[in-house]
Amino acid sequence: ARTTTATLASVDIHDAGEANTVFGGDTSVMVARPGKICCVFPLFWFTIPEGFYALVTRHGAHEDYVDSKGNKSPVWPSGLHAPHSPWLKVSHLVTKQAILFNTQIKGCKTKDNVTAFIDVSMILRVMGDDPEVTPGDDPQNVFKFVHEVTPVGLQAQLQDAQAEAVRTLARSVYHTEVFGLRNVSHSELEGVQEKLFSGEAMDRGGATTQEEKDLVGEHDYYDNLEAGFNVEAGASVTEAMKIRLNRQFNTQGIEILDVVIKDIILPDLIQSQMSQKTMVISQNAMQRMQQKHDMQSLLQEEEVKTLNQTHELDAKELIKDGEYDTMMAQFKMYQLHAENDRNIQSIETQMSIDVELVNVESNLTVQRIEDETRMETEKIREQSKADGEVNVANTKAEVDILMAKGELEVAKNDAKGEKAIFKAEGIAAPLNRKLNDHISNMYLLKAQSALAENEKLVIIGTKGGSAANSLLQADAALSSVPEDLEDQSRESILTEMAIATGRGDVRIMMGLPFSNTPMRKGTQSLPDRRTLDRQKVHAIMADRRKS
């Protein structure tokens, strides 16, 4: 439901698209009349917004909606409708929302002629849904509401019906019962009825115990019963009012969903009298509660004093008990100290005796161990001497055996060495001979070098000119001497090559510097390796003989 409204109206709007804005801004609007959209070209479609019952006309005459099954209905569904003739238009939009209509009824007389002001609201809607969806509804109700009832007419009828019903209702109750006229839920009504017909409701007086009297107060005997019956009567009356209004407006396509009595105002004098009664009860309850509070405060102070005195006596007793316990604890402590001193003296005496016994036993054990050690030492010493003599004898025997074996090996090695020396001398003899030949050749080369330096010398080969030609070719080949042979001349190299090959067909001595070469004569001038080996063997054999 929307916000409460006291009027019902219908308005003209520009087009169907602004229906939601208009209905949302004005709660009194129930019917809107959209205008025709102006356009240069005719439109073959139109739209209907959601949440409205729509009526469509053709040239001002009502046009029914035909669904896919061929069923006709005066109400068109929401959405886009195309293609359609351009002369079809939405003529009316009726809201599907529930309307909260409010009416203030003044000057209502109660049964005891007290004037009351009663504010009544009712919730209503248009019954235009599909009967298969909502039983009792009929789309024809929308057409009837728009063209026959109208919102203004419905407003007048509702105001008159409400005024009549409320005045009749007010005239049937007293002013003390008028506040019970309100809408009550079914569960609340059952609770009220249960209390009314229970045994508690028949008890005389409002409050039974003194505590309830202090907190709630005392009421008249019939106060609770009267309040409960007023609630029951008010609930039944509003339900009866709703049934009566539905009976009147259902035929016009309007359903009353609920009737609510919002407010009831009585004259100030009557309200003051009713309030004073409650105030007197409250004041009496407050006085009793204040007296009770004072008595409780006094009792509490007395109890506090009594508790303080009791605590002081208990504290003194506890102090005395503590002093007695302290004295007994000190006495026990003295006894424990005496017993401890006696035990310590006994332990020290026993400890000295035990120490002496341990010392004696230790001395005996040490003496016995020393004797055994001496005996074992002598035994080991004698055994060591015997073992040493045996080992010395064995060692001497082994040394003699080793010396004999060594002398045998030395003799064998001497024989082998002499044999090797003789063999070496046999090998070195041809070499010495070659060495002597080499030295002789070297002298010959020196002489030939002097000849080679003579510019007037002519080289003639022993076997013709071919040898001399070969020599000249070799000399030309050796024109570029390598760096490592810079200290030797080409003549010396050629001569050495000729001598080494043994085919020296050319007898020419070319200059070869021998300044850095030692002059050797025979075998004594050469490093004789054989002689050195022989000397080393003789030295080794001499050392072995000495050892």
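What's counted below: heavy atoms across the whole structure, side chains too, no hydrogens, waters or symmetry copies.
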If we check side chain to side chain contact (heavy atoms under 4.5 Å, CB included) with Tyr53, which of these qualifies: Asp129, Thr95, Asn141?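 Looking at Asp129, Thr95, Asn141, the match for Tyr53 under the side chain to side chain contact (heavy atoms under 4.5 Å, CB included) is Asp129.
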
Report yes or no: do [X] and [Y] form a side-chain donor-acceptor pair below 3.5 Å?
{"X": "Asp294", "Y": "Gln290", "value": "yes"}
{"X": "Asp354", "Y": "Gln350", "value": "yes"}
{"X": "Arg368", "Y": "Asn363", "value": "no"}
{"X": "Gln157", "Y": "Gln248", "value": "no"}
{"X": "Asn71", "Y": "Tyr65", "value": "no"}
{"X": "Lys109", "Y": "Thr115", "value": "yes"}
{"X": "Arg33", "Y": "Ser91", "value": "no"}

Test your reading of the model: is there a side-chain donor-acceptor pair from [X] to the backbone of [Y], 3.5 Å cut-off?
{"X": "Asp137", "Y": "Met127", "result": "no"}
{"X": "Asp15", "Y": "Gly35", "result": "no"}
{"X": "Asp26", "Y": "Val22", "result": "no"}
{"X": "Thr306", "Y": "Glu302", "result": "yes"}
{"X": "Ser352", "Y": "Thr349", "result": "yes"}
{"X": "Trp76", "Y": "Glu63", "result": "yes"}

With Lys242, which residues qualify under salt bridge (charged side-chain N to carboxylate O under 4.0 Å, His left out), at least two apart? Glu239

List the residues meeting salt bridge (charged side-chain N to carboxylate O under 4.0 Å, His left out) with Asp138, not counting sequence neighbours, and say none if there are none.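 Counting only residues at least two positions away or on another chain, Asp138 forms no salt bridge (charged side-chain N to carboxylate O under 4.0 Å, His left out).
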
Would Arg244 and Glu164 pass as an ion pair if we require N to O under 4.0 Å?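 The answer is yes: the pair qualifies as a salt bridge.
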
For a side chain to side chain contact (heavy atoms under 4.5 Å, CB included) check, start with the C-alpha distance between Asp263 and Ile118, then their side-chain angles and the critical distance, and finish with the verdict. CA-CA 6 Å; Asp263 192 14; Ile118 301 176; over 6 Å; no

Within residues 114-157 or reaching into it, pairs that qualify as ring pair (Phe, Tyr, Trp, His ring centres under 6.0 Å) - sequence neighbours excluded: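 Every ring pair (Phe, Tyr, Trp, His ring centres under 6.0 Å) pair that includes a residue of residues 114-157, provided the two are not neighbours, is His62-Phe143, His92-His147, Phe143-His147.
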
How are the rings of His81 and Phe46 set relative to one another: parallel (under 30°), tilted (30 to 60°) or perpendicular (over 60°)?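 The arrangement is parallel - the two ring planes meet at less than 30°.
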
Could you give the distance from CG (Leu245) to CD (Gln162), rounded to the nearest 0.5 Å?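 The CG atom of Leu245 sits 7.0 Å away from the CD atom of Gln162.
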
Should we say atom CD of Gln345 is surrounded by more than 12 heavy atoms from elsewhere, each under 6.0 Å from it?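 No, because the 6.0 Å sphere around CD of Gln345 holds 12 heavy atoms or fewer from other groups.
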
